[in-house]
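All values derive from a computational prediction rather than experimental measurement. FYI, side chains are in, hydrogens and waters are out, and symmetry mates aren't considered; it's all heavy atoms of this structure.
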Amino acid sequence: MCDLRVVLIGGTSNTGKSTVAEVVAGRLGFEHRSTDGLARHPGRPWRTPDREVPPHVAEHYATLTTDELIASVLAHYEHLWPRIEELITDRARPGGPGLVLEGSALLPERVARLTVPRTAAVWLTADDAVLRGRVRAAGRYEEAMAGERLLMDRFLARTVRYQELTLAAVDALGLDRVDGGGGRTVAEVADAVLAVAGAQARPAP
């Protein structure tokens, strides 16, 4: 696929970035990494079989408004960006291992200003109903206590709002996006991502 070395997959939480990125990486023979692995913001505020919600995470979602949650996560992503750009630049060099990097921290405005060759970027989207269903399924919403549901609802409100802001920027900048919901299989979404990446990869000078 041309001389592609880095594929960036952005989007809000629960659009399927990690699952799709793993498939794309496997097809290309690239490494798959998440921006969450560089430095994690307060994570998802629901219990899993091997994890309780840390008190600071519960407080974060319980006490902040949606606008404050957005401001907090955007400040975190801006602080993280130099590390992300360094990673992209390093992996875009010829001869090294290719990279599929996914995460909400891939801010459209920052990615659009990259001048790194051999890279491509696409943002995954999903309808609000799809996001709601995925969040509630992950957190077992129907079985949760009222306080736990509140945290999930706050997370979902931030997720939906973040997507609105991201897609407004993506469309304004003329960047590419792919629907990660709509009943398509993971393989079909991965096909679409690869087609977009192949069409708009920046060649080396």
### Query
Checking E188 side chain against T185 main chain: does a donor-acceptor pair fall under 3.5 Å?
yes

#### Entry: Side-chain hydrophobic cluster, 4.5 Å single linkage: members besides Y77
I70, V73, L74, L107, Y162, L165

### Query
Can any side-chain N or O of R134 pair as donor or acceptor with the backbone N or O of N14 at less than 3.5 Å?
yes

#### Entry: Selection residues 46-73 - residue pairs positive for salt bridge (Lys or Arg N to Asp or Glu O under 4.0 Å), sequence neighbours left out
R47-E148

### Message
Taking V186 as the starting point, is it possible to reach V130 by hopping between hydrophobic residues whose side chains are less than 4.5 Å apart?
### Response
no

### Query
So do V111 and W81 actually touch side chain to side chain, heavy atoms under 4.5 Å?
yes

### Task
Determine whether the side chains of D153 and Y141 contain a donor N or O and an acceptor N or O closer than 3.5 Å.
yes

#### Entry: Ring centres under 6.0 angstrom apart (F155, W46)
yes

### Query
Taking all non-hydrogen atoms of both residues, which atom of M152 and which atom of A144 are closest, and how far apart?
CE-CB, 3.7 Å

### Task
Group every Ile, Leu, Val, Met, Phe, Trp and Tyr by side-chain heavy-atom contacts under 4.5 Å, then state whether V135 and L124 land in the same group.
no

### Query
So do V7 and L28 actually touch side chain to side chain, heavy atoms under 4.5 Å?
yes

### Message
Can you see whether E102 engages T35 through a side-chain donor-acceptor pair at a distance of less than 3.5 angstrom?
### Response
no

### Query
If you measure from OG on S104 to CG on L80, what distance do you get to the nearest 0.5 Å?
11.5 Å

### Query
Checking K17 side chain against T12 main chain: does a donor-acceptor pair fall under 3.5 Å?
yes

### Message
Has T166 got a side-chain atom pairing as donor or acceptor with G11's backbone, closer than 3.5 angstrom?
### Response
no

### Query
With side chains defined as the heavy atoms from C-beta onward, is the minimum distance between T89 and L114 less than 4.5 Å?
no

### Taking every non-hydrogen atom, the tightest pair across L4 and A197
CD2-CB, 4.1 Å

### Task
Could you grab the distance from atom NE2 of H32 to atom OG1 of T19, nearest 0.5 Å is fine?
8.5 Å

### Task
Apply the test side-chain contact (heavy atoms from CB on, under 4.5 Å) to residues V20 and V193: give CA-CA distance (whole Å), side-chain angles for both, the deciding distance (0.1 Å), then the verdict.
CA-CA 9 Å; V20 171; V193 168; 4.1 Å; yes

### Task
Write down the atom of T66, the atom of A157, and the distance for their closest heavy-atom approach.
OG1-CB, 3.7 Å

### Query
Step by step, would you call E31 with V100 a side-chain contact (heavy atoms from CB on, under 4.5 Å)?
CA-CA 6 Å; E31 181 186 2; V100 177; over 6 Å; no

### Message
Grouping I, L, V, M, F, W and Y whenever their side-chain heavy atoms are under 4.5 Å apart, do L167 and L131 come out in a common cluster?
### Response
no

### Query
Between T119 (side chain) and V116 (backbone), is there a donor-acceptor pair under 3.5 Å?
yes

### Task
Check whether any side-chain heavy atom of R118 sits under 4.5 Å from a side-chain heavy atom of P94, and report yes or no.
yes

#### Entry: Check: E109 and L173 side chains under 4.5 Å, non-hydrogen atoms
yes

### Task
Compare all side-chain heavy atoms of L38 with those of I84 and state whether any distance is below 4.5 angstrom.
yes

### Query
Can you tell me how far OG1 of T125 sits from CG of D179, rounded to the nearest 0.5 angstrom?
4.5 Å

### Task
Output the distance between atom OG (S34) and atom CG (L101), rounded to the nearest 0.5 Å.
7.5 Å

### Task
Could you list the residues that satisfy side-chain hydrogen bond (donor to acceptor under 3.5 Å, both in side chains) with R184, not counting sequence neighbours?
none

### Task
Looking only at non-hydrogen atoms, find the nearest pair between L151 and A58 and report the distance.
CD2-O, 3.5 Å

### Task
Please list, chain by chain and in numerical order, all residues satisfying salt bridge (Lys or Arg N to Asp or Glu O under 4.0 Å) with R83, sequence neighbours excluded.
none

### Task
Answer yes or no: is there a side-chain heavy-atom contact under 4.5 Å between V178 and D176?
no

### Task
For D90, check side-chain hydrogen bond (donor to acceptor under 3.5 Å, both in side chains) against everything at least two apart and list the hits.
R93

### Sole residue of R154, R158, R44 in side chain to side chain donor-acceptor pair (under 3.5 Å) with Y61
R158

## Note on the structure
Rounding to 0.5 Å, atoms CZ (R177) and CD (Q163) come to a distance of 8.5 Å

### Message
Testing the basics here: between A126 and T15, what is the closest heavy-atom pair and its distance to 0.1 Å?
### Response
N-CG2, 4.0 Å

### E78/R110 ion pair, N-O < 4.0 Å
yes

### Task
Could you tell me the separation between the CZ atom of F30 and the CD atom of E22, rounded to the nearest 0.5 Å?
15.5 Å

### Query
Looking at residues at least two apart in the chain, or sitting in another chain, which of them share a side-chain hydrogen bond (donor to acceptor under 3.5 Å, both in side chains) with S72?
H41

